[in-house]
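Have a look at the structure below, then the notes.
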Amino acid sequence: MTSTEATDRTFQVDLRGIVDLLSRHLYSGPRVFVRELLQNAVDALTVREQAGDMAHDAPAVLLIGSDVSADGRLHCADRGLGLDQADAESFLATIGRSSKRDTLGFARSDLLGQFGIGLLSCFLVSDEIEMVSRRAGGQVVRWRGRADGTWGVDVPELAADDPRAAWLAEAGTWVSLTPRHDAEEWLTSDTVTRLARSYGRHLPHMIVCRTQRGDELVSAQPLPWLVEDRHRVRAMSDYAAEHLGFEPFAVIPLAVPQAGLTGMAAVFGHRVPAVRPPGSQVTIKGMLVGDGVGDLA
């Protein structure tokens, strides 16, 4: 691979301090990096769909674990809008600035997260993030950030046999994470598949994880309370048993149209010990964003 010369630059914050802040206060643990990768991918797909330029190739998102990839890295590829060089330099260099908020509309309600901050969560499990991306009709650009606070943007020439070249033929993004010495297990295919299924099983896009067993679909499962009437109670009961860990005494579909809220309540059939207070799972636009949330009702 050859490329134009890249000049390393420095983030406008103490990146090590930000990563420590993320791990200690903002995120519950390293596992959330999968959720943030999926959020970025789904938001890019949403914007491309709304622009009427969405390719319907399958899968829309592909996750390749470090134990099955050719280079020992974790890869997350999406067929979304993609970034150009100006995007990469602007949105990824300034912590807290978001392409979704600034260019695509402030606080857009149809998007899940903020790209700049979300990508930084990957430093919880990786010392280097490489992102190769293309906007439709543009050139491929590459952004590389390191945990020491340096980053660089260049224009690479991808070899014909590089899988990223075919994936980015039109538009999209390919993120690669180099495992940190104390976080290798988080990037393996079994772990990534389990986390992707947990966070993204109800996302509408086709999300596929590549594992040692082959490619596995982890998304596109309907929310149980939105299943057609005659199967709804059974679907909600099964969901409670599988995801909440108990057979419910009763299940109740919920809807607050004024707030755009739908859901279900599962009623325990026994007294709940004080050491295990009731909690809730919160899903936004199909993405699990909270597990064990208390006091929601």
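Quick note: residue numbers are just sequence positions, from 1. Values in this document were obtained by computation on a predicted structure and should not be read as measured data.
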Apply the side-chain contact (heavy atoms from CB on, under 4.5 Å) test between [X] and each candidate in [options]; give the one that qualifies.
{"X": "F33", "options": "L74, L38, L119, L124", "answer": "L74"}
{"X": "H75", "options": "L62, V192, I64, V68", "answer": "I64"}
{"X": "L223", "options": "M236, M264, R201, H202", "answer": "H202"}

Legend entry - Geometric class of the W225/Y239 ring pair [parallel <30°, tilted 30-60°, perpendicular >60°]: perpendicular
Legend entry - Face-on cation placement of R79 at W167 ring, 6.0 Å and 45° thresholds: yes
Inset, instruction - Quick one: list whatever passes side-chain contact (heavy atoms from CB on, under 4.5 Å) with P179, sequence neighbours left out. - result: S66, E184, L187
Inset, instruction - Give a yes or no on whether a salt bridge exists between R234 and D238, defined as a side-chain N under 4.0 angstrom from a carboxylate O. - result: yes
Inset, instruction - Could you tell me whether E130 and R142 have a side-chain N and a carboxylate O separated by less than 4.0 Å? - result: yes
Inset, instruction - Please test R180 against V125 for side-chain contact (heavy atoms from CB on, under 4.5 Å), starting from the C-alpha separation and ending with a verdict. - result: CA-CA 6 Å; R180 231 170 55 186; V125 296; 5.8 Å; no
Inset, instruction - Would you check if there is a donor-acceptor pair between the side chains of T150 and R146 at a distance under 3.5 Å? - result: yes
Inset, instruction - Could you verify whether a donor N or O on one side chain and an acceptor N or O on the other, from T173 and S133, lie under 3.5 Å apart? - result: yes
Legend entry - Where at least one partner belongs to residues 247-257, residue pairs that pass side-chain hydrogen bond (donor to acceptor under 3.5 Å, both in side chains), sequence neighbours excluded: none
Inset, instruction - Could you tell me the separation between the OH atom of Y199 and the CD atom of E36, rounded to the nearest 0.5 Å? - result: 8.5 Å
Inset, instruction - Give the C-alpha distance, both sets of side-chain angles, the deciding distance and a yes or no for side-chain contact (heavy atoms from CB on, under 4.5 Å) between D87 and R135. - result: CA-CA 10 Å; D87 292 334; R135 279 278 185 95; 3.0 Å; yes
